Amino acid sequence: MVCRTPVKVKDPTSHLEMVIVPEKVYVLRNHRGKEIKIGLFVSPRTGKKFRALLPDAYQC
DNA sequence: CTAATTAT
DNA sequence: ATAATTAG
């Protein structure tokens with residue numbers, strides 16, 4: 001799932017709230033059916049990669 | 001602890 | 001191979 005929709009996430013490295021497009025998005029579903037969405041991001045400031053929770057209603 | 005993904 | 005990510 002490659003996305004273009006910007007999301008507001010907190011960059012853990014710079015501790016800044018930023019609106020960026022996730023590089024990759026995937027869903028975690030445990031054996032009990034609980035789902036969460038994770039985005040893989042690259043911080044434009046540090047170039048560091050990080051993962052963050054996405055809003056449940058996020059679409060690419 | 002589990003799930004999926006991928007950078008390290 | 002392991003960390004990181006969330007929530008219950």
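Note that these values count all heavy atoms, side chains included, but never hydrogens, waters or copies made by symmetry. Please read these numbers as outputs of a predicted model, since none were measured by experiment. In what follows, chains carry the letters A, B, and so on, assigned in the order in which the sequence lines appear, proteins first and then strands, with residues in each chain numbered from 1.
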**Asked** Quick one: does A/Leu16's side chain get under 4.5 Å of A/Arg45's, heavy atoms only?
**Response** yes
**Results of side-chain hydrogen bond (donor to acceptor under 3.5 Å, both in side chains) for A/Lys49 - residues two or more places apart only** = A/Glu23
**Message:** Expected output check: what is the dot-bracket annotation of DNA chain C, where ( ) and [ ] are pairs inside the strand (brackets for crossing ones), | is paired with another strand, and pairs are Watson-Crick or G-U under 3.5 Å?
**Reply:** ||||||||
**Asked** Can A/Met18 be reached from A/Leu40 by stepping across I, L, V, M, F, W or Y side chains whose heavy atoms are under 4.5 Å apart?
**Response** no
**Request:** Identify the 5'-most and 3'-most nucleotides of DNA chain C with at least one atom closer than 4.0 Å to a non-hydrogen atom of chain A.
**Result:** C/dA4 to C/dG8
**Prompt:** Going by heavy atoms in the side chains, are A/Val19 and A/Val7 under 4.5 Å from each other?
**Reply:** no
**Item:** Student check: side-chain heavy atoms of A/Pro44 and A/Ile20 closer than 4.5 Å
**Value:** yes
**Message:** Does anything in residues 44-57 of chain A come within less than 4.0 Å of DNA chain B? Heavy atoms only, and list the residues if so.
**Reply:** A/Lys49, A/Arg51
**Item:** Evaluation steps, side chain to side chain contact (heavy atoms under 4.5 Å, CB included), between A/Tyr26 and A/Arg51
**Value:** CA-CA 11 Å; A/Tyr26 53 90; A/Arg51 288 164 175 87; 3.1 Å; yes
**Message:** Hydrophobic cluster membership, with links at side-chain heavy-atom distances under 4.5 Å among I/L/V/M/F/W/Y: are A/Val9 and A/Val42 in one?
**Reply:** no
**Message:** Below 4.0 angstrom, which residues in residues 5-20 of chain A have at least one non-hydrogen atom near DNA chain B?
**Reply:** none
Return a table of donor-acceptor pairs under 3.5 angstrom between the side chains of residues 53-60 of chain A and protein atoms on other chains or two or more places apart.
from	atom 1	to	atom 2	distance (Å)
A/Tyr58	OH	A/Thr5	O	2.7

**Request:** Walk along DNA chain B from 5' to 3' and tell me the first and last nucleotide with an atom closer than 4.0 Å to a non-hydrogen atom of chain A.
**Result:** B/dT2 to B/dA7
**Message:** If I compare all heavy atoms of A/Cys3 with all of A/Val21, which pair ends up nearest, and what's the gap?
**Reply:** O-CG1, 3.0 Å
**Message:** A/Ser14: which residues meet the side-chain hydrogen bond (donor to acceptor under 3.5 Å, both in side chains) condition with it, sequence neighbours left out?
**Reply:** A/Asp11
**Request:** For A/Gly39 and A/Pro22, work out which heavy atoms get closest and say how close.
**Result:** CA-CB, 4.4 Å
